[in-house]
Peer 1: 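Here's a structure for you.
Note that the structure is a prediction, hence the values are computed from the model and not measured. Chain naming here is simple, since letters A, B, ... match the order of the sequence lines and numbering starts at 1 in each.
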Number of protein chains: 2
Amino acid sequence: MDALDRSPESLGVLIKETQSLLNQRMDDRLRPLALSVPQYACLTALQDTPGITSSELARRAFVSRQSMNVLLQGLEKRGLVTRSSDPGPRRERSVVLNDAAELLLERAHEEVSSVVQRMTMEVELVERARLYELLARCRDALLIP
Amino acid sequence: MDALDRSPESLGVLIKETQSLLNQRMDDRLRPLALSVPQYACLTALQDTPGITSSELARRAFVSRQSMNVLLQGLEKRGLVTRSSDPGPRRERSVVLNDAAELLLERAHEEVSSVVQRMTMEVELVERARLYELLARCRDALLIP
DNA sequence: GAGTGTGTGTCAAACTATTGACATGGATGC
DNA sequence: GCATCCATGTCAATAGTTTGACACACACTC
């Protein structure tokens with residue numbers, strides 16, 4: 001009955017499976033909005049903390065700052081974000097959302113929210129919090145290099 | 001106290017964070033063995049079910065069969081796997097592990113196992129099973145397209 | 001003040017992965 | 001039998017990502 005007893009690593013592949021499927025489902029929902037998952041993550045982080053720098057954005061998305069840069073260029077060309085051409089204290093250019101992005105995010109959040117809701121459909125509210133707490137403990141244990 | 005109440009989507013980013021960190025830590029440990037995480041996953045799947053086909057391997061690793069093909073070519077050049085040049089019933093070429101791969105996997109499994117062990121360090125055994133069960137329910141809910 | 005270190009932005013090259021397309025060999029329909 | 005459909009393997013082109021490198025700006029130490 002227990003896959004964990006046979007091989008403890010299976011929790012790792014389960015995390016990978018779940019993340020991969022979640023990514024796939026989100027991509028299905030975001031494609032009609034012409035948004036990729038990394039783009040959505042970027043815009044959301046930008047909404048949470050406006051004026052954030054590109055490098056910090058990259059760190060939160062777990063990608064290199066070069067990748068985040070080309071991603072931002074695409075968003076800038078579409079008029080979703082604007083980067084201050086004026087250099088900051090550390091040669092950094094702050095990025096902010098545009099009105100079009102706020103509007104687009106409203107729909108995107110609904111789509112993503114419905115996917116997450118479906119994911120946790122079979123998990124009661126109390127257990128949902130428990131799952132979050134246990135998984136957060138796993139993440140924190142991996143934070144130190 | 002509860003991030004889930006404020007935004008239910010945070011479970012999604014938590015899964016992403018945990019998976020990304022786990023991937024990073026595994027990569028750190030596997031690099032000395034000259035193995036990438038996808039390569040390790042491929043070899044492990046090959047160990048679990050020998051003679052598997054390349055396409056099936058790709059499905060389990062959540063990548064396209066073209067990617068798995070180039071990955072296999074690299075492993076074949078290193079003498080870790082051998083693909084039967086003799087075409088199977090459906091024009092498929094079965095892949096099997098080499099002795100060198102079995103030897104390499106022994107060390108790799110130890111490394112990965114230690115990473116997973118560290119990840120679940122702060123979670124008691126009983127709760128570990130609970131976490132697995134809850135997360136599996138989430139994965140299953142996403143299985144249907 | 002000079003030197004060192006860290007963080008940011010950007011360029012180029014290399015690598016990895018996906019998409020699209022095609023031929024082949026079986027299976028399944030009639 | 002024949003047509004259709006599904007699955008595999010492979011090729012080419014494209015997109016996305018990482019690695020390595022450099023310049024610049026600030027903070028820190030001595």
Side-chain angles (χ1 to χ4, degrees), chain A residues 16 19-21 23-28 30-31 34-43 45-46 49 51-78 81-96 145, chain B residues 16 19-21 23-28 30-31 34-43 45-46 49 51-78 81-96 145:
Chain A
K16 161 80 175 174
Q19 198 279 328
S20 189
L21 282 170
N23 208 65
Q24 211 170 307
R25 297 294 164 258
M26 288 199 299
D27 193 69
D28 294 341
L30 292 175
R31 188 182 310 267
L35 276 182
S36 70
V37 178
Q39 283 175 334
Y40 169 76
C42 173
L43 291 179
L46 224 37
T49 55
I52 202 177
T53 170
S54 173
S55 292
E56 178 59 27
L57 225 39
R59 268 188 294 271
R60 297 200 189 182
F62 295 97
V63 296
S64 64
R65 56 189 197 276
Q66 291 91 333
S67 303
M68 185 52 71
N69 206 10
V70 308
L71 200 155
L72 280 175
Q73 285 175 7
L75 293 176
E76 196 176 20
K77 274 181 185 163
R78 284 173 58 183
V81 306
T82 55
R83 285 194 287 182
S84 73
S85 53
D86 158 51
R90 218 169 203 155
R91 209 63 198 158
E92 60 209 12
R93 309 170 59 186
S94 68
V95 189
V96 292
Chain B
K16 162 80 175 173
Q19 198 279 327
S20 191
L21 282 170
N23 208 65
Q24 210 170 306
R25 297 294 164 258
M26 289 199 299
D27 193 70
D28 294 341
L30 292 175
R31 189 183 308 267
L35 276 182
S36 70
V37 177
Q39 283 174 335
Y40 169 76
C42 173
L43 291 179
L46 224 38
T49 55
I52 202 177
T53 170
S54 173
S55 292
E56 179 61 27
L57 224 39
R59 267 188 295 272
R60 298 200 188 181
F62 295 97
V63 297
S64 64
R65 57 190 196 275
Q66 292 91 331
S67 303
M68 184 52 70
N69 207 10
V70 308
L71 200 155
L72 279 176
Q73 286 175 7
L75 293 176
E76 196 175 19
K77 273 180 185 163
R78 284 172 58 183
V81 306
T82 55
R83 286 195 286 182
S84 73
S85 53
D86 157 52
R90 217 171 202 152
R91 208 64 198 158
E92 62 209 13
R93 307 170 59 188
S94 68
V95 188
V96 292

Peer 1: Within the pair B:Ser67 and C:dT18, is there a side-chain N or O less than 4.0 Å away from OP1 or OP2?
Peer 2: yes
Peer 1: Could you tell me how far apart A:Arg93 (CZ) and D:dA25 (C1') are, to the nearest whole angstrom?
Peer 2: 15 Å
Peer 1: Between D:dG20 and A:Gln66, counting only base atoms on the nucleotide and side-chain atoms on the residue, is there a donor-acceptor pair under 3.5 Å?
Peer 2: yes
Peer 1: Nearest whole Å is fine: how far is D:dA23 C1' from A:Glu92 CD?
Peer 2: 16 Å
Peer 1: A:Val63 near the nucleic acid: base, sugar-phosphate alone, or nothing, with a heavy-atom cut-off under 4.0 Å?
Peer 2: sugar-phosphate
Peer 1: Given atom CG of A:Asp27 and atom C1' of C:dA17, what is their separation to the nearest angstrom?
Peer 2: 14 Å
Peer 1: Whether B:Arg83 contacts D:dT10 is assessed here as follows: a side-chain N or O lying under 4.0 Å from the phosphate OP1 or OP2. Is that the case?
Peer 2: yes
Peer 1: Taking the side chain as every heavy atom from C-beta outward, state whether A:Gln19 and A:Lys16 have any atom pair closer than 4.5 Å.
Peer 2: no
Peer 1: For A:Arg59 and for B:Leu71, locate the closest nucleotide of DNA chain C by heavy-atom distance; then report the residue assigned to the nucleotide nearer the 5' terminus.
Peer 2: A:Arg59
Peer 1: Roughly how far, to the nearest 0.5 Å, is SG of B:Cys42 from CE of B:Met68?
Peer 2: 4.5 Å
Peer 1: What's the CG-P distance between B:Leu72 and D:dT8, to the nearest Å?
Peer 2: 14 Å
Peer 1: Does any non-hydrogen side-chain atom of B:Leu72 lie less than 4.5 Å from one of B:Ser54?
Peer 2: yes
Peer 1: Pick the nucleotide of DNA chain D nearest each of A:Arg65 and A:Phe62; which residue has the one closer to the 5' end?
Peer 2: A:Phe62
Peer 1: Is A:Ser55 touching bases, backbone alone, or none of the nucleic acid, heavy atoms closer than 4.0 Å?
Peer 2: sugar-phosphate
Peer 1: Whole angstroms only, please: what is the CE-P distance between B:Met68 and D:dT10?
Peer 2: 14 Å
Peer 1: Output yes when at least one side-chain N/O atom of B:Thr53 is less than 4.0 Å from OP1 or OP2 of D:dG9, else no.
Peer 2: yes
Peer 1: Whole Å only: how far is the CG atom of A:Asn69 from the P atom of D:dA21?
Peer 2: 20 Å
Peer 1: C:dT16 P sits how many Å from B:Asn23 CG, rounded?
Peer 2: 14 Å
